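Take a look at the structure set out below.
Sequence lines set the chain letters: A, B, ... in the order given, protein chains first and strands last, and positions in each chain run from 1. Since the structure is predicted, the reported quantities are computational estimates derived from the model, not experimental observations. The figures that follow rest on heavy atoms only: side chains count, while hydrogens, waters and symmetry mates do not.
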Amino acid sequence: MLLLALALALAAAALLAPSASAAPSLEVLGLQGRLSTDLGLNSAWVVVAGLFVMFMQAGLAMVEVGFVRGKNAGSIVAKILANFAICGIVFWAVGFAFSFGSGGLLLGTHGFFTEGQSAFPLAYPINPKGVTPDTLWFFEFVFCAIALAIVWGTTLERVKFGVYLIYAPIFAGIIYPVIAHWIFADGWLRADLHVQDFAGSIVVDVTAGAAALAVLLLLGPRRGKYAPDGKPRAIPGHNMPLFGLGILILWLGWFGFNPGSTLNALDGRFPEIVLITQLAGSAGVLAALAVMWMLTKTFDIGMAGNGAIAGLVAITGPAGYVKPWAAVVIGAVAGVIVVFGVIRIDRRVDDPIGVLSAHLLAGIWGALSLGLFATPLLAAHNLPGSHGGLLYTGSFTQLGSQAVGVIVTFAFVFVSSYAVFWLIDRTIGLRVSPQEENVGLDISEHGMYGYPEQFIPSPELIGYGAVPASLRIGTGPLSDPDVTA
Amino acid sequence: MLLLALALALAAAALLAPSASAAPSLEVLGLQGRLSTDLGLNSAWVVVAGLFVMFMQAGLAMVEVGFVRGKNAGSIVAKILANFAICGIVFWAVGFAFSFGSGGLLLGTHGFFTEGQSAFPLAYPINPKGVTPDTLWFFEFVFCAIALAIVWGTTLERVKFGVYLIYAPIFAGIIYPVIAHWIFADGWLRADLHVQDFAGSIVVDVTAGAAALAVLLLLGPRRGKYAPDGKPRAIPGHNMPLFGLGILILWLGWFGFNPGSTLNALDGRFPEIVLITQLAGSAGVLAALAVMWMLTKTFDIGMAGNGAIAGLVAITGPAGYVKPWAAVVIGAVAGVIVVFGVIRIDRRVDDPIGVLSAHLLAGIWGALSLGLFATPLLAAHNLPGSHGGLLYTGSFTQLGSQAVGVIVTFAFVFVSSYAVFWLIDRTIGLRVSPQEENVGLDISEHGMYGYPEQFIPSPELIGYGAVPASLRIGTGPLSDPDVTA
Amino acid sequence: MLLLALALALAAAALLAPSASAAPSLEVLGLQGRLSTDLGLNSAWVVVAGLFVMFMQAGLAMVEVGFVRGKNAGSIVAKILANFAICGIVFWAVGFAFSFGSGGLLLGTHGFFTEGQSAFPLAYPINPKGVTPDTLWFFEFVFCAIALAIVWGTTLERVKFGVYLIYAPIFAGIIYPVIAHWIFADGWLRADLHVQDFAGSIVVDVTAGAAALAVLLLLGPRRGKYAPDGKPRAIPGHNMPLFGLGILILWLGWFGFNPGSTLNALDGRFPEIVLITQLAGSAGVLAALAVMWMLTKTFDIGMAGNGAIAGLVAITGPAGYVKPWAAVVIGAVAGVIVVFGVIRIDRRVDDPIGVLSAHLLAGIWGALSLGLFATPLLAAHNLPGSHGGLLYTGSFTQLGSQAVGVIVTFAFVFVSSYAVFWLIDRTIGLRVSPQEENVGLDISEHGMYGYPEQFIPSPELIGYGAVPASLRIGTGPLSDPDVTA
Amino acid sequence: MKKVEAFIRHEAFEPIRIELLELGFPSLSVMEAKGSGRQRGITERYRGAELTSWLRPKIKIECVVADGDVQTIVDTILKHGRTGNVGDGKIFVLPVEQAWRVRTGESGEEILQAHPGEG
Amino acid sequence: MKKVEAFIRHEAFEPIRIELLELGFPSLSVMEAKGSGRQRGITERYRGAELTSWLRPKIKIECVVADGDVQTIVDTILKHGRTGNVGDGKIFVLPVEQAWRVRTGESGEEILQAHPGEG
Amino acid sequence: MKKVEAFIRHEAFEPIRIELLELGFPSLSVMEAKGSGRQRGITERYRGAELTSWLRPKIKIECVVADGDVQTIVDTILKHGRTGNVGDGKIFVLPVEQAWRVRTGESGEEILQAHPGEG
Ligand SMILES: Nc1ncnc2c1ncn2[C@@H]1O[C@H](COP(=O)(O)OP(=O)(O)O)[C@@H](O)[C@H]1O
Ligand SMILES: Nc1ncnc2c1ncn2[C@@H]1O[C@H](COP(=O)(O)OP(=O)(O)O)[C@@H](O)[C@H]1O
Ligand SMILES: Nc1ncnc2c1ncn2[C@@H]1O[C@H](COP(=O)(O)OP(=O)(O)O)[C@@H](O)[C@H]1O
């Protein structure tokens, strides 16, 4: 009802709003068939790239499903759907305008409800080599949505469902847009400090990681995670095959994430970024496997997957700035970071899928690595005024900018998110009761197990026993003598 | 054997058929490198969009797997593969010609076996802004295939496998093509009555829903679904994570479904349709979650997914005709419809995955909503002669056309499908025996459980016990004292 | 550490290597916005097609997960990730240069580390109608990666993890590149003998099958597979739904595999190849289902999937050479072959997922079928100097070439792989111990079950029992009286 | 005290449970079991190879009752468990020497079922 | 010899196992069971329809011991199994007539638990 | 009548079942169990953290036979169950007072196994 009311209000507002722009609108141009082939090509490429990024929702869902216990597996599904749904509406209504709308160094102030084509300086027609505003919306929306999805990784198996419904609009409406505006659009970090982030090591991963840390500190560990003596204990996820499927989907999605961030199919950059992305992911897997083998003499499945993510997260920021060989180095270092990160962090705080290691730490490393390995040519191409990395220029300038970008982002997101979560904790509460946690979120929050046949006694499941006698058929010739109807 | 014979006959026919067209064929033009960039771009975009639609087969498969009991999970796989396979061959041989071949108001009569490029008025070279005929074939084929897949949603866990093999060719060969011709191509509903359906709320969803209802009425509920007093009882699906994966894959596929239906990457419309699709899906999820929470105080996972589907189904018809704000309204209403639909319908007939609510009801709503919210500009662009919606024009004309489109489609598909299913029921029978239903379709129709380790006693599974003594190795130093070889 | 050292060495090498080419590099052209729209379009299409091929890693993973026992399901994930990772780095460092770098009839000798745009004769700027070198790299890399993944299909549930780490670099670095060079690039089989293989029935499937046979002969069957009297016994895979998901993902991927092999969006060929691919897959499913039904009166799920793969494998080679009707014949024959292949081969050697039938036999049939059904027009278009098939020309010439291509490929790959595996067997050993095999690879190689909750007693899993008394909360009003915290 | 152990078909359990509840016997435990007896094995097929299964799924009921209640329990199980086909199952009665209720630590016959007023 | 059979909550098992081990009783077996007793059923919801579950998951412990050890075992289970809420479970004791160790073929009371030195 | 209960390794069951069938004892039931005894726990690893498992999977056989058949059953289990390693399992014999066949309602010793001609 509330939602309907909101929708109708929006509708009214939109109908009344005067169409601000004087230039022939894209819509009219398109209907007249006057769009250029280049614009069509760029938009098609970026929409398709965005589709692969959207699919990362499924990837993350499967990773989380795989890494939680079976009694909480269903809740992941509801969580992903609700957050993705909220993000879609909020990012359309306000998030996109705040982040990519024209405005100033602090915040975009135009383009609410994607109204006004000229409100978006990165899109056509203001940037005639680019994509249509709706294309830009979609591509940036899926970024925001995956960042939001990552936030919750630290909260699995114990957070109240209501927390999503409160924080998601705030994140998609203002927290993420602020950072995106500052670093991806024309905000101060980019314009004044030349902070560089090709596809979001900072904007997506550091942001998500900072928020994930904020909620985790308030939420505390899962029951039983730490023995009375404080030693962490393994709470293994219940399904490695689905985890593996998730990792492969995420990897696939990254080929939309990084190469699509060119917002362009015509500058010849995106295929090389595909290669660079692959190399970093490869190196992340191999480094993580190797380190784990040295530590435990086993080839840890979860760590191999975490290594892939770490490598891919780390290359996200520098993907458009570095040479292929550097991608191997960046990915391998990320793979090492993630292993030690997971093991160390596990001693203190309970991060079920490794968000703090694979996203926050690897994202920071990725942001800084750009300051080490960016070639001057690519730095200049991507942002005139920015600098090549230490390795090429001998100068710490870009590295310093990167560090500032990371610190500012972390501070802003952590503080604002902590405040929001603190308020939630003081009001409706962040965490389900111990009883609910014991029995699992599927049954306590969603009324039904994710795997009913595993948890409900078969005599009570229709089709496995609970067929009332009155429905039984008589005896007769049976092919399987042990099956009666 | 039969199939081979058929194939050889086709081969002979194809070899003998004179190549009808006089103009230089696309094949020759292409081989000479004389195709235009625009045609290449359009075709590439539409093929890629079609790939995402094709992937919806996997999405629907996972939704169905998740929503059935474990003993019937494997049969979904065989079902999807067989139907998809049949549809491919039949839609190539005759379905495409009937639906999109040139001909008349009732049925296409040219272009069997995709022969004759000029037989397809919507494709290049007759429509030089469009796509190649094979591209059109693929895009329309995946639509037909998903419609066919949806039909079976009401029949899960009790229908005979043979039913698919009989009905699938009829549906893909004639039932679906008739409707597609009438509404998508140059049939009477579109040409004379200006029925509008951008991407198939009617053609795909009402069609599938009508056929699904026909077979359901003949088939009856699953054993035990209704208590002796007639009260419906929950038969929970066995796997919410795979259900969730399926929903996300379907959502992804919808970004091919709707935006790809522009059949064009150059009119600038498809990115906005991406946005509109997302908004409706979002609103569907949130409305369904909200309504269920009001009804039961739980966040129902299955309903969240059904809400997404309902929102996406509803926007399928009007996607190319409405403003973004209207998509929010359309999706939210669909989300409400689906909840009450599922609950009410469950009292009377047994629809395991909610086809009648999420596809039939939401599809009808989507078709009608176009008559409410279509903007005059977009209506004129999509089909000269059609009208804007009630909200803009104050006229019921388009709404009336839409209603006629729904009624005609429902009537034609329901009656023809009912006849076919009635005949099947009277001959080989629609339904497996009660014993087979009890033991599950996996074992009774396919000879093996979908999850053998869950149903076969471990002592009888090789590797879990059934290793004959003769294969055992002697004793020796074992690292795990409890494992002998 | 080793990896890091390697990476740093590579970095040094790359930094020092003089940029060989004199022409303005693609990078510079692109940065200046001087790339042609056609090049952008072709590259975008081929990158996207490559993404669908990359996704086949997930498809194969799910097929293998589905077809193994639950105790080995997790190991599939680690296997896929490790092989994919290794392949990425090795194919970048050397594999691509050996296969597609310019050089001679035997091996490419330029373009290590993808350096030197002019080193790749199939790519722009040498072939200005084509794609950028990085695009070509990615597309060919995902081919190599899937071939490598297929190799391991015969070894599941008993091979040591270390074997992957040794063989993968050799396969991706030299064995596969040799065959790719000979048949896909400008090697002797293609240049001198006009062996034709559109998308890899030989290069991918015969290659993978030959290596898979080599390792299988050395490895032997799974324990208990053959009864003491030599009769094969069924070891059913544990998860048909994930198997089905895998098949559908593979099918989707094939629409990148075959149509993307045009390396071009502008010659109008790729949409027809989409149609042809679908027809062969369809026919494969239906033929396999039909034959199995005749043999066993059940609709075998696994065989339906194997039939799809066989049909798709068989059409891979001739996809760009034949008419649609021929695709139906080729696919149907492959579907028959795979059924008898699986059943016969199962009597002698233990091939858990049917690599030898669905890839090796179907691949050989596909390669030969090109010699039967290739139209002269398309043969000439694809490779001037090659011949149409027997059916059109009455000549055995092309058929003979195809047979030579198959034999040479099989011989080279089988012998070289057998040698490598023999060496591994004699040194670290190919196979885990009987105890490890009994307990499953997940626990023995990776330290944790793929489904911990299925194998670890619930009282020992945190959250299902093992919460120490000290963490229990007191009594109080509980909504579910049976849950204490 | 006696322990009644019964191996029955899954679909027989629900009516048995309901009638026992009505008769004042809410307390019992069940377990999944597999059994072989007079019924033949069934043959499954997997990609052409065969697998024969001799054990069929059953529910095992365990219910400890006072000596005088044994016949009631047995009769209820017999009444609802019978289809007349092989595989209907078996009932066994074993002696029990002592019983405790964990919640209170009480022992003896009176703890076996819920007290009339408690239920 | 006696067989102690106990139906308990899952979370009670771990401390019971640990204390029995310390007391010199490492040998026991457990099974998953579902039980109904005084606790009420719970209601689950699935897409608007209801499903009532009367059986709740329990762990069944089976432990065969010498006659004199029965009370120790029972006491340990009572100690850790009690939360005071309905659903804590029951313990039963049954007579056992003979026992064998499969590994050696030995029989008798002394095979029930590991010998002190064997561990 | 006696009930033979045996906890054995999974891989021992198949030969035991076959030999019992040949000896005229087709009727038995099995359940999954987990046990601890003299065997040590094993340690699993998950992303760097450890998990120790003390309980190992076993099959529990339950077979009710006439008094005179106990030794045959026990011998068969001992014969095929023994590998000589710790963890081979245990066999227990319990008294049974009465038995019914659900299919016919008959009771007594003769219902325990299939009649010679019936099988
Ligand atoms: N002697 C026995 N000991 C243990 N379980 C038995 C015994 N006899 C039968 N059962 C159990 O009862 C089930 C049904 O036995 P069956 O012989 O088929 O019954 P019927 O004789 O009524 O046809 C078996 O699957 C098994 O679980
Ligand atoms: N008479 C009995 N026979 C078999 N199992 C029983 C019996 N009584 C209780 N149980 C088992 O004990 C569990 C707890 O029983 P309940 O009556 O709830 O305990 P309490 O009386 O302590 O509240 C039940 O779920 C069931 O598994
Ligand atoms: N006293 C007992 N009570 C119940 N089960 C037992 C007992 N002793 C052993 N078991 C079962 O037998 C299995 C093997 O026991 P174990 O002590 O390892 O045998 P062994 O002494 O031959 O090495 C255990 O896992 C457990 O399931």
Side-chain angles (χ1 to χ4, degrees), chain A residues 37-38 41 45 48 52 69-71 129 223-225 228 233 235-236 238-241 243-245 247-249 252 255 259 265-272 274-275 278-279 281-283 285-287 289-290 296 298-301 304-305 308 323-326 328-329 332 381 434-435 438-439, chain C residues 3-4 7-8 10-11 14 26 29-31 33 35 37 40-41 43-44 47-48 51 54-55 57-58 61-62 65 73-74 76-78 80-82 85-86 88-89 92 113-114 132 134-135 137-138 161 242 445-448 450-453 462-463 466-468 470-471 473 478 480 483 485:
Chain A
T37 306
D38 285 4
L41 170 58
W45 157 246
V48 170
F52 287 100
R69 286 163 290 180
K71 63 183 180 178
K129 295 229 152 191
R223 288 172 53 72
K225 170 69 195 174
R233 308 195 301 175
I235 304 184
H238 81 292
N239 198 318
M240 287 305 108
F243 164 76
L245 176 63
I247 294 291
L248 287 166
I249 293 175
L252 174 67
F255 291 124
L266 291 166
D267 70 356
R269 299 284 309 134
F270 69 94
E272 193 188 19
V274 171
L275 162 63
Q278 174 67 32
L279 291 177
S282 284
V285 169
L286 296 178
L289 271 176
T296 67
T298 59
F299 298 101
D300 193 279
I301 299 168
K323 290 272 176 198
W325 66 264
V328 177
V329 179
H381 171 63
Q435 289 87 339
N438 266 13
V439 79
Chain C
L3 196 88
L4 273 177
L8 291 172
L10 294 185
L26 259 186
L29 275 178
L31 296 182
L35 288 195
T37 306
L41 171 57
S43 299
V47 161
V48 170
L51 290 185
M54 181 258 151
F55 195 30
Q57 295 286 329
M62 291 301 105
V65 161
I76 303 295
V77 173
I80 291 277
L81 289 178
I86 291 171
I89 290 185
W92 163 67
F113 302 100
T114 63
T132 71
D134 293 315
T135 304
W137 177 84
F138 181 62
F161 197 81
L242 290 186
E445 297 271 275
H446 307 288
M448 176 50 70
Y451 303 109
E453 297 179 12
I462 290 168
V467 181
S470 53
L471 279 182
I473 61 162
L478 300 177
D480 174 359
V483 178

Original post:
For Phe270(A), is it the side chain, the backbone, both or neither that has a heavy atom under 4.5 Å from a heavy atom of chain C?
Top reply: side chain
Original post:
Side chain, backbone, both or neither: which part of Lys323(A) has a heavy atom under 4.5 Å from chain C?
Top reply: side chain
Subject >> Contact check, side chains of Asp134(C) and Val274(A), non-hydrogen atoms, under 4.5 Å >> reply: no
Original post:
Distance from Met240(A) atom CE to Met448(C) atom CE, nearest 0.5 Å?
Top reply: 8.5 Å
**OP:** Could you tell me which portion of Glu272(A) (side chain, backbone, both or neither) has an atom closer than 4.5 angstrom to a non-hydrogen atom of chain C?
**Re:** both
**OP:** Could you look at Arg69(A) and say if it's the side chain, the backbone, both or neither that has a heavy atom under 4.5 Å from chain C?
**Re:** both
**OP:** Grab the two heavy atoms, one from Gly88(C) and one from Ser282(A), that are nearest each other, plus how far apart they are.
**Re:** CA-OG, 3.7 Å
Original post:
Checking heavy atoms, do the side chain of Leu252(A), its backbone, both or neither come under 4.5 Å from chain C?
Top reply: both
Subject >> For the student: nearest non-hydrogen atoms of Ala78(C) and Ile301(A), plus distance >> reply: CB-CG1, 4.0 Å
**OP:** Would you check if Val47(C) and Phe255(A) make a side-chain contact, meaning some heavy-atom pair closer than 4.5 Å?
**Re:** no
Subject >> Which atoms of Leu245(A) approach chain C - backbone, side chain, both or neither, heavy atom under 4.5 Å >> reply: both
Original post:
Does a side-chain heavy-atom distance below 4.5 Å link Val77(C) with Ile247(A)?
Top reply: no
**OP:** Measure distances from Leu41(A) to the heavy atoms of chain C and classify the residue's part below 4.5 Å as side chain, backbone, both or neither.
**Re:** side chain
Original post:
Which atom pair, heavy atoms only, marks the closest approach of Leu266(A) to Gly40(C)?
Top reply: CD2-CA, 4.3 Å
**OP:** Name the region of His381(A), side chain, backbone, both or neither, that has any atom closer than 4.5 Å to a heavy atom of chain C.
**Re:** side chain
